[in-house]
Structure formats: structure tokens, C-alpha cells
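Step one of this worksheet: look at the structure below.
Heavy atoms only: backbone and side chains are in, while hydrogens, waters and symmetry mates are out. The first residue in the sequence is number 1, and the count goes up from there.
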Amino acid sequence: NKQFIGFLVGFGVCLSAGATIPEPPNPLNNLNLTFDQRLEQRKQIDEQLLKATPEERKAYWHKMRDQMKALSPDDRKLVHEKMKAQWQSMTPDQKEKMKAERKAFFDGLTPEEQAEMRARKAKWENMSPEEKQKWQKQSS
């Protein structure tokens with residue numbers, strides 16, 4: 001009987017842990033959020049992801065990538081252009097807040113996840129503009 005109760009408690013913990021992973025926000029719906037709304041959404045998502053396992057975080061990032069892939073080429077271009085314009089229109093204080101949030105999230109990841117993210121960033125930064133265009137077309 002104690003084993004059964006232990007099983008139920010363990011099962012409930014597993015269910016509640018899985019329930020902490022949010023669905024990635026729709027990229028098109030996020031285009032009209034204010035800076036404060038985007039920052040608050042980012043903080044909430046990051047908080048939930050940091051409670052998740054590395055595998056659950058990876059699944060979240062794959063879902064997010066798949067959402068972008070599912071957009072039409074025009075919508076994908078619109079999202080990228082709008083994100084770039086939003087970043088450029090931020091005040092230095094807003095940029096610092098966003099960077100601090102991203103750093104806090106990064107610092108909460110496992111060393112393996114941090115290394116993987118650094119490697120991906122370095123690979124992207126070392127690509128030529130032609131390689132970046134080719135990669136973006138392949139992932140579309």
C-alpha cells in the first residue's frame with residue numbers, strides 16, 4: 001500500500017513537471033507586444049524552462065523552431081524584420097534588461113547546454129553571409 005502511494009506521488013510529480021513546459025508563443029502573435037509585455041512573457045517562459053529537464057528544454061526549442069518553419073516565407077521574413085526593428089528601437093536601458101534576462105536564463109542552464117549554445121553561436125558568427133543565407137533556406 002505504501003508502495004502504491006509512493007507510485008502515485010511520483011507519478012504526480014512527473015505529471016506536474018511535464019506540465020511546466022509552456023507552448024512556444026506564436027511568432028506572429030508576438031509581433032504586436034510591447035517591450036514590457038515581451039519581457040514579462042520571456043521571464044515567465046524562462047522561469048518555467050529552468051524548472052524543466054534539459055530534454056524538455058530541447059523539445060521546447062524544437063517546437064519553437066518548427067513553428068517558425070511552418071510559417072510562409074513571407075511571414076518568416078516579416079517576423080525576422082519586425083524582431084530586428086524592435087531590437088533597434090529599444091532604449092539602451094531596455095536592451096540591458098533584455099540582455100540581463102537572457103544571461104540569467106543562460107546561467108541557469110546545465111554546463112552541457114551552455115557549451116552547446118556557445119558552439120552554435122560561434123558556428124553562426126563564423127559563417128559567411130552566403131553560408132547564412134544557404135542555411136536559412138535549408139531550414140525553411
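Rounding to the nearest 0.5 Å places NZ of Lys121 at 8.5 Å from CZ of Phe106. Atom CZ in Arg120 sits 12.5 Å away from atom CH2 in Trp124 (nearest 0.5 Å). Between the CH2 atom in Trp61 and the CG atom in Leu49 there is a gap of 7.0 Å [rounded to 0.5 Å]. Note that NZ of Lys51 and CG of Asp46 are 12.0 Å apart. Values are rounded to the nearest 0.5 Å. Between the CG atom in Asp93 and the NZ atom in Lys95 there is a gap of 12.0 Å [rounded to 0.5 Å]. In this structure, the separation between OG on Ser89 and CD on Gln94 is 7.5 Å, given to the nearest 0.5 Å.
Here the closest non-hydrogen pair linking Pro22 and Tyr60 is O-CD1, 3.3 Å.
A donor-acceptor contact shorter than 3.5 Å is absent between the side chain of Glu56 and the backbone of Ile21. Side-chain atoms of Asn126 come within 3.5 Å of backbone atoms of Ala122 as a donor-acceptor pair (strictly under, hydrogens ignored). Here the side chain of Glu40 pairs no donor or acceptor atom with the backbone of Gln37 at under 3.5 angstrom. Of the possible donor and acceptor atoms, none in the side chain of Gln44 sits under 3.5 Å from a partner among the backbone N and O of Gln41. In terms of modelled atom types and a separation under 3.5 Å, the side chain of Glu101 and the main chain of Met98 share no donor-acceptor contact. No side-chain donor-acceptor contact under 3.5 Å links Arg38 to the backbone of Asn30. At least one donor-acceptor pair closer than 3.5 Å links the side chain of Gln67 to the backbone N or O of Pro24.
Annotation: side-chain contact (heavy atoms from CB on, under 4.5 Å) contacts of Leu78 (sequence neighbours excluded): Leu28, Leu31. Lys63 meets the side-chain hydrogen bond (donor to acceptor under 3.5 Å, both in side chains) test with Glu23; sequence neighbours excluded.
Hydrophobic clustering of Ile, Leu, Val, Met, Phe, Trp and Tyr side chains at less than 4.5 Å, counting indirect connections, keeps Phe105 apart from Met90. Hydrophobic cluster membership differs between Trp87 and Leu33, with clusters built from Ile, Leu, Val, Met, Phe, Trp and Tyr side chains linked at under 4.5 angstrom.
Put simply, the side chain of Thr34 does not reach to within 4.5 Å of the side chain of Leu39, judged on heavy atoms. Between Arg118 and Gln114 there is a side-chain heavy-atom pair separated by less than 4.5 Å. The side-chain heavy atoms of Asp107 and Lys103, taken from C-beta on, include a pair separated by under 4.5 Å. Pro27 places a side-chain heavy atom less than 4.5 Å from the side chain of Met68. A heavy-atom distance below 4.5 Å is found between the side chains of Lys82 and Gln86. Between Thr91 and Phe35 the shortest side-chain heavy-atom distance does not fall below 4.5 Å.
Taking the charged nitrogens against the carboxylate oxygens, Lys58 and Glu116 do have a contact shorter than 4.0 Å, which makes a salt bridge.
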